[in-house]
Amino acid sequence: MNTNEPNPRERLVLMGNQDYGCLNWRLEARTGCPPIRISSRQKAKHHRQQEAKVRISALHLLSTLTNQLPRRSFYGYWHILFPDGDAGGSPHLLLLGLKDTNFRCRALALQVGAQLLYGSKAFLSQACSLGPSNFTPFAVSLASSVLTAYRILIAILEREYTPPVLTQCLKCLAVLVQATPFHQLEMGFVYEFVGHVKKLIKCRDPPVAVSALLVMEMLVGTSNLTPEIASSIGLAPSLLRGHQVRLSKVISAGLTDPARDVKLYAARCLDSVGYQLGRLLPEPAERELQISFWLTLLPATYQAYDSAGFSLKCALCDALSNMGAISFERLPDGQRTALLAFLSGCASDDHEETLVRVAALRAMAVYVLHPSLKTDLGFVENAAELTLRILGDSQLLARIKAAWALGNISDALVAGIPNQTERISAELLERLIQAATKSCADNDKVRANAVRALGNLLQILQVQPFGNGELMHVAMFKLLDCVTSPGNAKVKWNACYAIGNLVKHRAFFANNRLAGILFPTLCQLVVQHANFKVRTNAVAVLLQVEQRQDFSAHFPLLWRSLLDALVRSNLLESFEEYNHRDALQQQLCLAIAHLLLLARSSDLPMMRESLEEDRLEEVRATWRRVAFRIVPELSDPLFTCSPLLGAASPGGDRGKPQPMDVYGDQVYTTTISKYWVSI
């Protein structure tokens with residue numbers, strides 16, 4: 001399941017299929033009757049109907065394929081399915097929705113277009129018509145395709161009068177809005193369609209009006225709200241500033257309303273408003289308004305919870321989780337204590353629904369990273385105990401949220417290590433490691449957070465060791481298993497990140513078997529894995545190894561793998577990886593520099609041999625691009641090791657001064673000189 005997709009309710013509204021044609025149609029032959037004379041006009045009409053049925057059947061087939069195949073399967077055919085930048089060019093789905101003579105075909109074409117656009121946010125995020133940072137022919141071409149799609153949908157809204165077609169056009173527009181990177185596109189096109197959508201909100205046909213409202217909802221919910229969007233829909237910029245008191249009164253009235261639905265929507269409104277307020281950095285004059293907002297709503301929230309059903313209780317706990325750190329830290333001590341006691345009581349109530357308990361636990365796990373609670377070991381341990389009670393629940397959603405909570409709790413424990421005079425109890429730490437290790441074999445969404453938590457907990461164990469060495473070995477092998485086993489990419493990059501934190505401590509290399517599994521696995525990932533973020537995090541592990549002896553006999557394999565990976569990073573098998581290529585190449589160059597700086601004199605012949613002439617040119621070209629765009633504070637290793645890379649390259653020691661001194665086995669540079677281009 002794509003984690004970037006909207007919630008199931010939105011999917012149902014956006015993607016609800018309508019049958020705009022009969023799939024199983026047949027012509028009934030009449031027997032025993034005299035032939036009927038058909039005029040040429042009737043023949044033409046009959047022929048048009050048959051052609052429309054063929055088009056409808058083809059669209060139904062494409063719709064079925066869209067639902068069955070992964071979304072990325074269609075990206076190679078994007079220029080066929082959607083406009084390539086010319087609104088009147090080759091035929092595509094949206095042009096069919098604009099010009100087809102049969103309204104069923106028009107509606108169905110737009111419906112299939114919406115199905116294909118749904119879940120394509122990651123792909124469309126590469127569209128860019130502004131600025132040089134992502135200015136490539138593909139980015140510009142995709143941006144042109146997106147803007148042309150908007151122009152065609154606007155044309156449909158201008159001339160269409162059939163309600164089913166208007167409904168599907170608006171749904172297609174809503175999905176496109178949801179997936180569009182507005183901040184990367186030229187301004188102007190939002191104004192063109194918002195006016196039409198506002199008029200259709202007043203339409204007497206309910207499906208059309210609801211679909212128009214859906215477009216507006218997607219616009220308001222845009223993560224990067226541009227000035228054009230804000231102006232076109234009538235929103236003020238940074239919107240809620242200065243209105244906290246009125247909002248608190250309205251939401252409070254909703255939470256005390258006798259109608260259940262009103263209470264539920266008031267809780268969801270509090271959730272959204274609280275989230276937006278938490279993102280704002282309040283002006284000094286507004287801080288009191290922000291505190292007043294929450295002080296007004298906390299009593300109403302507690303009161304609404306007492307008589308609430310399952311859905312409302314979950315919504316209220318979710319809303320409380322969105323109180324930002326600034327507001328939380330400024331609450332009076334009594335109110336803060338009451339809030340924590342309320343959430344702790346909800347999470348520990350064994351008679352309550354599990355999803356309600358885990359919603360309260362999630363709020364506690366958000367608070368655990370606030371400055372005043374991060375070092376409060378009593379609160380952190382209480383949250384950890386509550387997490388252990390839910391982590392083994394039979395409901396997958398509960399385990400996912402509990403694993404996320406455990407990840408946050410472990411973050412707090414690691415962050416508090418330098419300042420803590422107290423340490424977490426060895427018995428609780430052992431149980432947390434056991435639970436995290438077990439969760440690493442669960443569903444991918446559980447594993448993604450379990451590996452994060454396990455890496456943190458093992459760091460604490462390295463600082464605060466106790467007698468159970470077997471537990472640490474089992475947990476480390478489980479982390480390595482998450483890296484090597486097939487599964488979700490997020491599991492792998494979180495596991496790599498966790499291992500990167502562990503290899504900082506030399507105790508990791510006390511077990512040769514761990515290194516024997518780790519380094520060959522990392523080499524395979526950095527060269528072959530399809531996901532560039534996984535490759536980047538795998539390379540990052542190598543940057544955390546501080547001594548040459550820890551690489552042991554794996555050093556040659558690592559060197560060759562990094563060079564191969566740098567060459568292969570220019571081969572994009574999927575456009576989804578384009579946005580991650582620069583980060584990968586930068587990390588690879590830094591890792592190559594790191595190995596050069598750690599290299600022994602005996603390593604140089606091998607390193608020179610690996611830099612064959614055909615590979616050298618590609619490595620040098622990529623190195624040069626990275627050196628020109630890397631931020632200054634990270635550039636030192638590239639400057640420092642360029643002379644070393646020259647010494648390692650074929651012919652590098654012929655006719656050139658050697659900018660290094662050798663002391664024993666360690667090679668040190670004596671000059672910070674030129675870019676790779678000077679070699």
Atom pair [atom1]/[atom2] of [X] and [Y] - distance to nearest 0.5 Å:
| X | Y | atom1 | atom2 | value |
| --- | --- | --- | --- | --- |
| Ser73 | Gln68 | OG | CD | 11.5 Å |
| Leu355 | Ser311 | CG | OG | 9.5 Å |
| Leu108 | Arg55 | CG | CZ | 11.0 Å |
| Gln586 | Thr536 | CD | OG1 | 9.5 Å |
| Arg268 | Leu316 | CZ | CG | 11.0 Å |
| Leu124 | Ser145 | CG | OG | 8.0 Å |

So which atom in [X] and which in [Y] form the shortest heavy-atom distance, rounded to 0.1 Å?
| X | Y | answer |
| --- | --- | --- |
| Ala365 | Asn408 | O-ND2, 3.0 Å |
| Val534 | Ala489 | CG2-O, 3.5 Å |
| Ala267 | Ala315 | CB-CB, 3.8 Å |
| Leu110 | Gly97 | CG-CA, 4.0 Å |
| Leu170 | Ala212 | CD1-N, 3.7 Å |
| Ala209 | Ile201 | CB-O, 3.5 Å |

Side-chain contact, heavy-atom cut-off 4.5 Å: [X] with [Y]?
| X | Y | answer |
| --- | --- | --- |
| Ile80 | Phe74 | no |
| Leu584 | Leu588 | yes |
| Leu62 | Leu81 | yes |
| Trp78 | Ser120 | yes |
| Lys171 | Val175 | no |
| Leu396 | Val446 | yes |
| Leu213 | Glu217 | no |
| Met216 | Val197 | yes |

**Request:** Report the residues that fulfil ring-ring contact (aromatic ring centres under 6.0 Å, His included) with Phe532, sequence neighbours left out, ordered by chain and then residue number.
**Result:** none
Any sub-3.5 Å donor-acceptor pair from [X]'s side-chain atoms to [Y]'s backbone N or O?
| X | Y | value |
| --- | --- | --- |
| Thr64 | His60 | yes |
| Ser125 | Ala122 | yes |
| Asn494 | Arg452 | no |
| Glu228 | Gly188 | yes |
| Lys492 | Ser485 | yes |
| Arg399 | Ser394 | yes |
| Asn537 | Trp493 | yes |
| Thr222 | Leu219 | yes |
| Thr226 | Ile229 | yes |

**Request:** Evaluate the criterion side chain to side chain contact (heavy atoms under 4.5 Å, CB included) for residue pair Leu94 and Cys172; output intermediate values, then yes/no.
**Result:** CA-CA 9 Å; Leu94 300 187; Cys172 187; 4.1 Å; yes
**Request:** With Arg72 as the cation and Tyr75 as the aromatic partner, state whether NZ or CZ is under 6.0 Å from the six-membered ring centre and within 45° of the axis.
**Result:** no
Check side-chain contact (heavy atoms from CB on, under 4.5 Å) between [X] and all other residues, then give those that pass, not counting sequence neighbours.
| X | value |
| --- | --- |
| Tyr161 | none |
| Gln528 | Gln524 |
| Arg629 | Asp582, Gln585, Arg625, Val626 |
| Val527 | Ser561, Asp564, Ala565, Arg568 |

**Prompt:** Given Ile152 and His92, is the side chain to side chain contact (heavy atoms under 4.5 Å, CB included) satisfied, shown in steps?
**Reply:** CA-CA 11 Å; Ile152 295 174; His92 51 79; 3.3 Å; yes
**Request:** Using the ring pair (Phe, Tyr, Trp, His ring centres under 6.0 Å) rule, collect all pairs that involve residues 190-222, keeping only residues at least two apart or in two chains.
**Result:** Tyr150-Phe193
**Arg106/Glu160 salt bridge by N-O under 4.0 Å criterion** = yes
**Request:** Would you mind checking if Asp444 and Arg447 are paired as a salt bridge, meaning a charged N to carboxylate O distance below 4.0 Å?
**Result:** yes
**Asked** So Leu59 and Leu96, side chain to side chain contact (heavy atoms under 4.5 Å, CB included) or not? Walk me through it.
**Response** CA-CA 11 Å; Leu59 288 167; Leu96 193 63; 3.9 Å; yes
**Asked** For Ser63 and Gln115, does a side-chain donor sit closer than 3.5 Å to a side-chain acceptor?
**Response** yes
**Asked** So does Phe189 have more than 12 non-hydrogen atoms from other groups sitting under 6.0 Å from CZ?
**Response** yes
**Prompt:** Counting only heavy atoms not in Lys313, do more than 12 sit closer than 6.0 Å to its NZ atom?
**Reply:** yes
**Leu247/Val250 under side chain to side chain contact (heavy atoms under 4.5 Å, CB included): CA gap, chis, key distance, verdict** = CA-CA 5 Å; Leu247 283 168; Val250 171; 5.8 Å; no
